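Structure, as structure tokens:
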Amino acid sequence: MKEHAQKSAEFIRDESRTDWHDEALWFVRSKRDRAAHSIAEWEQLRELASQVKDNVLAHLDQYLEQFEANAQRNGVHVHWAADAAEHNRIVHSILEKHNVQRLVKSKSMLTEECHLNEYLTERGVEVVDTDLGERIIQLKEEPPSHIVMPAIHLKKEEVGELFHQKLHTEKGASDPQYLTEAARQHLRQKFLAAGAAITGVNFAVAETGGVVVCTNEGNADMGVHLAPVQIHCMGIEKIIPRAEHLGIFTRLLARSATGQPITIYTSHYHRPKVNGEMHIVIVDNGRTTQLGRADFRNSLKCIRCGACMNTCPIYRRSGGHSYGYTIPGPIGSILTPGIDLKKYSGLPFASTLCGSCSDVCPVKINIHEQLYRWRQVIVREGHLPPAKRQGMKWAGKVLSNPGWYNSLGKLTRWALRQLPRPFLYNSFNEWGRDRELPQPPRQSFKEWYQNKKTEK
Amino acid sequence: MSKNEILAAIRRNKPTGAVLPSIPTFPEGKASPVVTFITMVETGGGQVIRASGPGALQAAIENRFPDAKRIASPIPGVKSNVALGAIHSPSELEPVDVAVISGRLGVAENGAIWVTEEDCIHRVLPFITQHLFLLLDEAAIVHNMHQAYEQIQVDASGFGLFIAGPSKTADIEQSLVIGAQGARSLTVVLEPPLTSG
């Protein structure tokens, strides 16, 4: 896999596009700030949300069992999947049982994580993503680049061209209103023809055995209420203890995500519709392992609002695809090393450790501290690239030996002044690839101090 | 079985402690909840009309959508020409132009309205209709989501939801477009509380 740094380098080659991406996300971050500041008790809500999620992690087994029992009492079929493969098998078996050939889906990062679409398509099921952003990237055959705004990396002209090819809209038309209307007409036909609908889950309430799904477009509900079979796929960490906790989380989620006071639709599904069938698939896929890592288990408190991405100076200037995982940005960078430490060993370094992600997180995950801790693990396990490893090793030696430190400092100051450019800027100088080396001072602080002392 | 494996793994790995916090009562703000509610509905792209009695509601519908061909409503007094009781498959509701449904409770801080399956008759109605009217008693407006969840019982209905505006999206270049997959417009009809005498 290409390193994050390499893929970012490709992304920022187009400077005006990078600026545009950066500004689009900063705009969302600013909306989030306005929404958060409109609530006097905002910080108190974040603390409460964090505490509720701590409690959930400490009693996850009990809450899940309680949830299952209540959901079953409501007439819901509950399934458990240890990993992505089992999740996909379960979903497919439900579809097979009902002979479903056409499936509509609303946004679900979990099914992206499990690569459900590919699995079902290979087995002859037509899978249609119905969130506009997701439909766009599905037609473009790309993964999402953001968890809330999956097509944030695309310009309207690109969407216009895509829709012209796939949905036969007018050539050259790029008005968002026009394109959205075309998608609406196209998706209505898909909703009406679907044999089953899949949604993700924002919150699963242990006390009542129901699930809550938040959308702005209404696509989850169009799918769920028209198709005879509804399937909700959730990670084990989506549980909240009681319905009253929805008050906390619905106040935080949309404000953190897009700066709206609440999503347009906040749907509570508890029982199947008349003549319908309702399934819930509870998925582990590595989450229980993450639960066992004391330094990193907090990442499971995430409610997938995307605020950490919108604020991150690296994400805004490198794009979601540079991370190479379904969930990009700061939260993705602390989730992925737990999934495959070697493959994702570059991601915890895709950060300035500025801490803005932790500051905006609605459940107060210490994201930047975890990024720092993952770096230690990556070094310990030997996954640092050789150049960086050698550099660190020698830096460590020099910095721990005052004699070496003094003479190397002197040598470097001399070299920076005297040596021609090719000696200084070459393949050994990673830093100098994109940056100018500093003007060397005539003397070090230490030398200056010694001189001052003898002058007296 | 995966269930037992997952639960066993949780028991092995979960942290200890962490009591559930109690949710305090938050200050309600000085503004009247009705005034805040109206502002928030309008901010979310909806319209608010104040009307009392079925006659005024009917007039509001006809006034706003004079050309509507199919109007669906379970509310007595609203001229509905879609027989909701005779619909067998929810897809038959696709041609509905206007749906008029009762809301149970409004939330001032975000303009959201709680609607249940019983109010919709068919769960898909508030989404599949081109335009949506929600009827709400002014006295049923609370300040915030905490108060809302205190008053409603989320599992009393098989399906219930908060609606806070017309369907919308900003998935193309962050440009706001009203009318994504659900209703293209939302009109909230506020009924003033009944005065005695």
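Letters go in sequence order (proteins before strands), and every chain restarts at 1. Here the structure is a predicted model, which means the values were calculated and not measured.
- Within a 6.0 Å sphere centred on CG of B/Asn4, other residues, nucleotides and ligands contribute more than 12 heavy atoms.
- Using a 4.5 Å cut-off between heavy atoms, B/Val19 contacts chain A through its backbone alone, with no side-chain atom that close.
- In this structure, B/Arg12 contributes its side chain and A/Gly292 its backbone to no donor-acceptor pair below 3.5 Å.
- Heavy-atom pairs under 4.5 Å with chain B were tallied for A/Ala243, A/Ser267, A/Gly218, A/Ala40; the largest tally goes to A/Ser267.
- Looking at every heavy atom in both residues, A/Gln177 comes nearest to B/Ile178 through NE2-O, 4.0 Å.
- Chosen from A/Arg255, A/Arg188, A/His245, A/Glu244, the residue pairing most often with chain B at heavy-atom distances under 4.5 Å is A/Arg188.
- With chain B as the partner, the residue from A/Ile236, A/Leu192, A/Thr263, A/Val274 showing the most heavy-atom pairs under 4.5 Å is A/Leu192.
- Residue A/Pro228: no heavy atom, backbone or side chain, is found under 4.5 Å from chain B.
- For chain B, the nearby parts of A/Thr208 are the backbone and the side chain; heavy atoms of each come within less than 4.5 Å.
- Residue A/Lys190: no heavy atom, backbone or side chain, is found under 4.5 Å from chain B.
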How far apart are the C-alpha atoms of A/Met149 and B/Glu173, what are their side-chain angles, what is the distance that settles it, and do they pass the side-chain contact (heavy atoms from CB on, under 4.5 Å) test? CA-CA 9 Å; A/Met149 301 163 284; B/Glu173 273 200 21; over 6 Å; no
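- Atoms OG and CG, on B/Ser167 and A/Asn216 in that order, are 8.0 Å from each other to the nearest 0.5 Å.
- Under the 3.5 Å distance criterion, with hydrogens and angles disregarded, a donor-acceptor pair is assigned to the side chains of A/Glu217 and B/Thr169.
- There is no contact between A/Val205 and chain B, counting heavy-atom distances below 4.5 Å.
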Passes side-chain contact (heavy atoms from CB on, under 4.5 Å), A/Met222 versus B/Ile128? Steps please. CA-CA 7 Å; A/Met222 281 294 279; B/Ile128 203 167; 4.0 Å; yes
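- A salt bridge links B/Lys3 to A/Glu68: at least one charged side-chain nitrogen sits closer than 4.0 Å to a carboxylate oxygen.
- Listed for the A/Arg271 side chain is a donor-acceptor partner under 3.5 Å among the backbone atoms of B/Asp155.
- In this structure, chain B has a heavy atom under 4.5 Å from the side chain of A/Val159, while its backbone stays farther away.
- Using a 4.5 Å heavy-atom cutoff, the side chains of B/Ser2 and A/Ile282 are not in contact.
- Only the side chain of A/Leu187 comes within contact range of chain B, with heavy atoms under 4.5 Å apart.
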Under the side-chain contact (heavy atoms from CB on, under 4.5 Å) rule, what do B/Leu161 and A/Thr266 come out as? Steps first, then yes or no, please.
CA-CA 5 Å; B/Leu161 86 158; A/Thr266 307; 5.9 Å; no
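- Distance alone, capped at 3.5 Å, is enough to place a donor-acceptor pair between the B/Asn13 side chain and the A/Thr288 backbone.
- Heavy atoms closer than 4.5 Å to chain B are found in both the backbone and the side chain of A/Pro176.
- Counting heavy-atom pairs closer than 4.5 Å to chain B, the top residue among A/Ala151, A/Ala24, A/Pro272, A/Pro150 is A/Pro272.
- Rounded to the nearest 0.5 angstrom, B/Arg123 CZ and A/Tyr269 OH are separated by 9.0 Å.
- Residue B/Thr116 does not touch chain A at all, counting heavy-atom pairs closer than 4.5 Å.
- For B/Ala164 against A/Ile262, the heavy-atom pair with the smallest separation is CB-CG2, 3.6 Å.
- Ranking A/Gln62, A/Gln260, A/Glu65, A/Glu47 against chain B, the residue ahead of the rest is A/Glu65, based on heavy-atom pairs under 4.5 Å.
- Between A/Leu57 and B/Pro15, the closest heavy-atom pair is O-CD, 3.6 Å.
- Contacts of A/Leu64 with chain B are made by side-chain atoms alone, with heavy-atom separations under 4.5 Å and no backbone atom involved.
- Note that CZ of B/Phe159 is 4.0 Å distant from CG of A/Asp221, once rounded to the nearest 0.5 Å.
- The structure places CG of A/Asp61 at 6.5 Å from CG of B/Leu7, a figure rounded to the nearest 0.5 Å.
- Interface remark: A/Gln44 contributes side-chain atoms only to the contact with chain B (heavy atom separation under 4.5 Å).
- Only the side chain of B/Tyr149 comes within less than 4.5 Å of a heavy atom of chain A; its backbone N, CA, C and O stay farther away.
- The residue among B/Gly46, B/Ala183, B/Ala8, B/Pro166 with the most heavy atom pairs within less than 4.5 Å of chain A is B/Pro166.
- Residue contact with chain B, scored on non-hydrogen atoms closer than 4.5 Å, involves the side chain of A/Glu181 exclusively.
- Ranking A/Leu132, A/Val56, A/Asp131 against chain B, the residue ahead of the rest is A/Leu132, based on heavy-atom pairs under 4.5 Å.
- In this structure, OG in B/Ser175 is found 6.0 Å from NZ in A/Lys156, a value given to the nearest 0.5 Å.
- Contact record, A/Ala58 with B/Thr16: CB-C, 4.3 Å, taken as the closest heavy-atom pair.
- Between B/Ala180 and A/Thr180, the shortest heavy-atom distance links the atoms CA-CG2, 4.3 Å.
- The distance between the ring centers of A/His225 and B/Phe127 falls below 6.0 angstrom.
- For A/Thr289, the part lying near chain B is the backbone, with the side chain staying farther off; criterion is any non-hydrogen pair under 4.5 Å.
- For A/Ile136, the part lying near chain B is the side chain, with the backbone staying farther off; criterion is any non-hydrogen pair under 4.5 Å.
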Could you check A/Arg242 against B/Leu20 for side-chain contact (heavy atoms from CB on, under 4.5 Å), going step by step and ending with a plain yes or no?
CA-CA 10 Å; A/Arg242 297 203 281 264; B/Leu20 206 52; 3.8 Å; yes
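- Remark: the B/Gln181 side chain and the A/Thr130 side chain contain no N/O donor-acceptor pair separated by less than 3.5 Å.
- Neither the backbone nor the side chain of B/Ser89 has a heavy atom closer than 4.5 Å to any heavy atom of chain A.
- Expressed to the nearest 0.5 Å, how far OG1 of A/Thr215 lies from NZ of B/Lys168 amounts to 12.0 Å.
- When heavy atoms are compared at a cutoff of 4.5 Å, B/Ala148 does not approach chain A at all.
- Annotation for A/Arg297 and B/Lys14: closest pair NH2-C, 4.4 Å, computed over non-hydrogen atoms.
- Proximity to chain A (any heavy atom under 4.5 Å) is shown, for B/Ser91, by both the backbone and the side chain.
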